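Residue numbers count from 1 along this sequence. None of the values given here were measured: they were computed from a predicted structure.
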Amino acid sequence: MTTPFPFTAVVGQDDLRLALLLNAVSPAVGGVLVRGEKGTAKSTAVRALSALLPEVAVVPGCRFSCDPAAPDPGCPDGPHEPGAGTARPARMVELPVGASEDRLVGALDIERALAEGVKAFEPGLLADAHRGILYVDEVNLLHDHLVDLLLDAAAMGASYVEREGVSVRHAARFLLVGTMNPEEGELRPQLLDRFGLTVEVAASREPEQRVEVVRRRLAYEDDPAAFAARWADEEAAVRQRIVAARRLLPQVRLGDGALRQIAATCAAFEVDGMRADIVMARTATALAAWAGRTDVLAEDVRQAALLALPHRRRRNPFDAPGLDEDKLDQTLEEFSGEDDEDPDPGPDGPGGGGGEPAPDSGPQGGDTAARPEAGEGGEPQPSGAGEQSAARAAEPFRTRVLSVPGIGEGAAGRRSRARTEHGRTTGARRPQGALTKLHLAATVRAAAPHQRARGRSGPGLVVRRDDLRQATREGREGNLVLFVVDASGSMAARQRMSAVKGAVLSLLLDAYQRRDKVGLVTFRGTSAEVALPPTSSVDAAAARLESLPTGGRTPLAAGLLKAHDVLRVERLRDAARRPLVVVVTDGRATGGPEPVALAGRAARLFAAEGVASVVVDCESGPVRLGLAGQLAAELGGTAVTLDELRADSIAGLVKDVTRRAA
């Protein structure tokens, strides 16, 4: 068995260690979401926590880790009689990103269920994690339906498996920990809210601390057992402190003054719903118990707010998480209670309760101070020859649905029709590999004609593997939305670039909500460039868009060819994800010999390959040349104006903009 890196040997990351320890003291806090760049000890700290958890007593032979003192009356392996059990270490179960639903919640033996009518249930990872830790690395890359199942089980403390009339329920209470790199995409806001606490981690910029990180890591890799032995005393002390805090937790008093501060803080930061108030109350109580106190102080409420609110106050996906600490202190001071005594603080420890938290990054999403200012009349000021400074994006709006025609088989999402594991049942087929979704009626129809030949003599249906039929289902997939944005001088004229950026930003918001990958190609001057390779991080695309300068000629053909090359490479990486190309331009093509003809030939490459496309026509003014419409015809797609792009437009725009008339 591999020796884990000691929890107490992790350098820095005080907020991360504190959040994990608070959940070890009180699992009711609701778990931890750890956000940060790669190589910041996220996974190391989580894996190290399992060694600190106290042992658990289990019923011998129970696959669902029932507590012998209070066994689950509905346990599938039960009923169990209360009595003595056996002790084992608390488990840390890892959920792989590519896991199936059956691996997570468990699987039924379909053949035995049909032939014998018995509930032959094979437990999944949720059962393995009961009374331990369930760790999801890169939780933002997990399929949405798996995240829904996971968080529902965490909220209810039980897992329910319903398959073709066969029902199984078992307890599933665990400490949920997820880690993610925001550059690879975000979680949906409603899923963010289901994590009790969140912490932002980053590598230290202090040379001495970085030296110590490297020194400890090299020592651990040279001899893990010897390195762990050096930290055994510190590990034992933290383990004992967790046990003591758990015993003290029921005695901690959360006074009315602290409750008023919690409610006022949640109201001041305009968080949705009441879950934030409850999580803050549980976190503040756990902080007091961790510090060895029986009263919750204002400093506990403050630290609880810094851990429980940053991911809940985001108003849209492009806002950076964080809290205004001055506003937080002002709110706590205004609603400071007089009914709570101020006992002596308890002992300090790793990230000890009541101590000063690490400096918070503060809100960043609304910061526009660094943006270039427009000149007189709103025109951007030139920053170089043939180039103008970046224009501000106009206010985003809700866009109409742009989708890819036909039925795909890409990653689960919310944009285009696709054959998926979840959705409405549309038919049946022979299973390819493991059976995941049984089509009962089709299976019975396949088995029925052979019952006499198989010697059926009882009421049970004799079912063979060849009779099983997989249900085919139709749902929605996420696509690769590749933006090809004209940043030439003609787009900068008449203050159009601000409206264009607002439209692209609106489409990016739509892509975020529909779980798409996005990419950004820009063209101006004499060439085109890939401003952002295809990624799940819509935030990164929005940042690149904001700093996009304009000016120069319009190399439309270069932009289309660059986009075609991006799609070719991405098709090798993920052939199942279908692309949608969104060209944002007025349709003009200048520079080089025969720029219009060259752009037409480049556009016909997309049409020949059947790539879905839409042209957002940015032409304005009383005289319109209709060049964007001509480009759309060459692409085999459809042109829409900026006004038609709005969902509330009165124009009769067909939702599937890429569907051609028969």
(message) Under the rule for side-chain hydrogen bond (donor to acceptor under 3.5 Å, both in side chains), what residues qualify as partners of D510, not counting sequence neighbours?
(response) R415, R514
(message) If the condition is side-chain hydrogen bond (donor to acceptor under 3.5 Å, both in side chains), which residues does D72 pass it with, not counting sequence neighbours?
(response) R169
(message) I'd like to know if the side chain of D617 and the backbone of A628 have a donor-acceptor N/O pair within less than 3.5 Å.
(response) no
(message) On a heavy-atom basis, which atom in D277 and which in G273 lie closest, and how many Å separate them?
(response) OD1-O, 3.9 Å
(request) Taking all non-hydrogen atoms of both residues into account, name the closest pair between E477 and A418 and its distance. (result) CB-CB, 3.5 Å
(request) Starting at CG of L142, measure out to CG of L150 and round the result to the nearest 0.5 Å. (result) 7.0 Å
(message) Closer than 4.0 angstrom, basic N to acidic O: yes or no for K562 and D565?
(response) no
(request) Indicate yes or no for a side-chain donor-acceptor contact from T198 to the backbone of L33 under 3.5 Å, with no hydrogens or angles considered. (result) yes
(request) Classify the angle between the aromatic ring planes of F606 and H564 as parallel (below 30°), tilted (30 to 60°) or perpendicular (above 60°). (result) perpendicular
(request) Identify the heavy atoms of R430 and D466 that sit nearest to each other, and give their distance. (result) NH1-O, 3.2 Å
(request) Please check if the side chain of K501 supplies one atom and the backbone of L545 the other of a donor-acceptor pair under 3.5 Å. (result) yes
(message) Using a 3.5 Å distance criterion without hydrogens, assess whether the side chain of Q451 forms a donor-acceptor pair with backbone atoms of V462.
(response) yes
(message) Would you say R646 and S506 are linked by a side-chain donor-acceptor pair, where the criterion is simply a distance under 3.5 Å?
(response) no
(request) Could you pull out the closest heavy-atom pair between F64 and A127, with the gap in Å? (result) CD2-CB, 3.6 Å
(request) Answer yes or no: is there a donor N or O on one side and an acceptor on the other, between the side chain of R544 and the main chain of A540, under 3.5 Å? (result) no
(message) Tell me if a side-chain donor or acceptor on S50 pairs with a main-chain N or O of R47 at a distance below 3.5 Å.
(response) yes
(request) Take R578 and E409, measure what salt bridge (charged side-chain N to carboxylate O under 4.0 Å, His left out) needs, and give me the verdict at the end. (result) CA-CA 8 Å; R578 298 187 296 164; E409 296 182 344; over 6 Å; no
(message) Between Y135 and T179, do the side chains contain a donor N or O and an acceptor N or O under 3.5 Å apart?
(response) yes
(message) If you compare all heavy atoms of G427 against all heavy atoms of H439, which two are closest, and at what distance to 0.1 Å?
(response) O-CD2, 3.4 Å
(message) Treating H80 as the side-chain partner and P71 as the backbone partner, does any N or O pair qualify as donor plus acceptor under 3.5 Å?
(response) no
(message) Has R469 got a side-chain atom pairing as donor or acceptor with D467's backbone, closer than 3.5 angstrom?
(response) yes
(message) Any donor-acceptor pair under 3.5 Å linking the side-chain atoms of N479 with those of S416?
(response) yes
(request) Identify the two heavy atoms, one from L146 and one from L104, that lie closest to each other, and give their separation to 0.1 Å. (result) O-CD2, 3.7 Å
